[in-house]
Amino acid sequence: MLRRILLGAAAALLAVAPALAQPAAWPGNRQVRILVTYPPGGTSDFVARLLAQRLGEQTGGNFTVDNRSGGGGIIGWTNVVRSANDGTTLLLTDNSLATAPPLYPNLGFDVQTDFTPISLMVDYPTVFVVPGNSPVRSLRDYVEAARGQAADANFYGSMGSGSSPHLYTEYLQDISGIRLTHVPYRGMGPAFLDLMAGRVGLLIAAPPTVLGAVRDGRARAIAIGTTGGRIPALPDVPTAKELGFDFTYSFWYGLLGPRGMDPALVAQIRGEVDKVLANPEVRARFVQQGATPVGGDGAALAAVMQSDLTRWSEVVRAKGITVQ
């Protein structure tokens with residue numbers, strides 16, 4: 001009798017085990033923070049808010065964007081690393097996370113092991129912009145005007161030392177032979193405001209940050225950095241390659257969580273993100289800006305992070321770039 005009872009209990013447990021192994025639907029009734037390491041106004045903030053809105057509509061969940069700027073991104077990254085890995089804290093980041101290790105030897109965490117890659121969401125072309133009242137009409141004009149001048153005669157902005165716009169403009173100097181002076185800001189929004197005011201003369205940004213101002217004349221786009229052709233949002237702006245410059249670097253935006261997330265939970269989140277990226281309205285917004293929605297599993301994000309870490313670590317060390 002006891003043996004029959006035990007066998008029956010074991011069979012019952014086996015029957016319910018698959019159900020017990022399934023994680024609860026995400027996000028359920030829990031609030032989810034999508035953390036951004038820049039202030040409002042930049043492309044990371046735009047992508048995060050679009051994602052939060054659409055995820056809320058799809059799942060009925062409560063999603064908020066948490067802007068944690070400062071410390072070159074360390075404040076926000078550290079916050080995510082120290083958060084619970086239950087899907088309630090996510091990080092919407094850009095290339096800067098992958099280039100942080102050579103800039104911050106004492107980060108306090110490992111970029112490659114202390115995060116869970118979820119999705120390489122979208123890839124944006126770079127846009128070279130100057131103030132709207134600048135006489136410069138193309139990237140070739142800008143380089144010709146800057147060539148032969150001292151570095152302190154030409155200032156360019158970025159969203160922080162070691163950020164992608166900083167490294168990309170350093171690369172532009174290498175391939176063009178010009179010398180510029182770097183002015184770092186705490187985010188792309190403040191940097192772009194100063195560009196429009198004429199306090200800096202050049203900025204490399206992603207389209208969502210600059211399109212409105214370019215269209216109303218407060219800023220001028222002088223080239224597009226892309227591996228493809230011109231973008232629908234700025235059809236009259238030539239690519240850097242058209243102008244004779246071998247510049248094809250872009251801005252990627254990816255979603256990560258703290259390390260050790262349950263693979264089944266990661267799959268749930270990724271599935272919802274893929275639905276957002278497959279939405280015709282969302283895709284149209286991205287494509288119109290020249291962006292490429294990517295999605296898929298976290299392996300693509302991990303690979304691009306490794307590639308950027310290798311490529312730009314060499315540049316940081318060779319140029320002696322330090323965080324100001």
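- The side-chain hydrogen bond (donor to acceptor under 3.5 Å, both in side chains) check on Tyr124 picks up Gln289, with sequence neighbours excluded.
- In terms of heavy-atom proximity, Pro102 sits nearest to Val316 at CB-CG1, 4.1 Å.
- Contacts classified as salt bridge (Lys or Arg N to Asp or Glu O under 4.0 Å) and involving residues 309-323 (residues at least two apart or in different chains) are given here: Glu170-Lys319, Asp174-Lys319.
- For residues 89-112, the set of pairs meeting the salt bridge (Lys or Arg N to Asp or Glu O under 4.0 Å) definition, not counting sequence neighbours, is empty.
- For residues 131-154, there are no ring-ring contact (aromatic ring centres under 6.0 Å, His included) pairs, not counting sequence neighbours.
- For Phe247, the ring pair (Phe, Tyr, Trp, His ring centres under 6.0 Å) partners are Phe128, Tyr168, Tyr171, Tyr249, not counting sequence neighbours.
- Ring centers of Phe63 and Trp26: under 6.0 Å apart, within the cut-off.
- Heavy atoms from other residues, nucleotides or ligands lying under 6.0 Å from CG of Asp216 number more than 12.
- Here Arg82 pairs with nothing under the salt bridge (charged side-chain N to carboxylate O under 4.0 Å, His left out) rule; sequence neighbours left out.
- For Tyr104, the ring pair (Phe, Tyr, Trp, His ring centres under 6.0 Å) test picks out no residue, with sequence neighbours left out.
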Determine all donor-acceptor pairs shorter than 3.5 Å in which one atom belongs to a side chain in residues 250-257; sequence neighbours excluded.
{"unit_1": "Ser250", "atom_1": "OG", "unit_2": "Asp123", "atom_2": "OD1", "d": "2.9"}
{"unit_1": "Ser250", "atom_1": "OG", "unit_2": "Asp123", "atom_2": "OD2", "d": "3.2"}
{"unit_1": "Trp252", "atom_1": "NE1", "unit_2": "Asp308", "atom_2": "OD2", "d": "2.8"}

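- Tyr185 meets the ring pair (Phe, Tyr, Trp, His ring centres under 6.0 Å) test with no other residue; sequence neighbours excluded.
- Heavy-atom minimum distance, Leu265 versus Asn85: CD2-O, 4.0 Å.
- Among residues at least two apart or in separate chains, salt bridge (Lys or Arg N to Asp or Glu O under 4.0 Å) pairs with a member in residues 52-70 are Arg33-Asp66, Arg54-Glu57, Arg54-Glu281, Asp66-Arg68.
- Every residue was checked against the ring pair (Phe, Tyr, Trp, His ring centres under 6.0 Å) condition with Phe46, not counting sequence neighbours, and none meets it.
- Applying the salt bridge (Lys or Arg N to Asp or Glu O under 4.0 Å) rule to pairs touching residues 221-232 yields Arg230-Glu242, sequence neighbours excluded.
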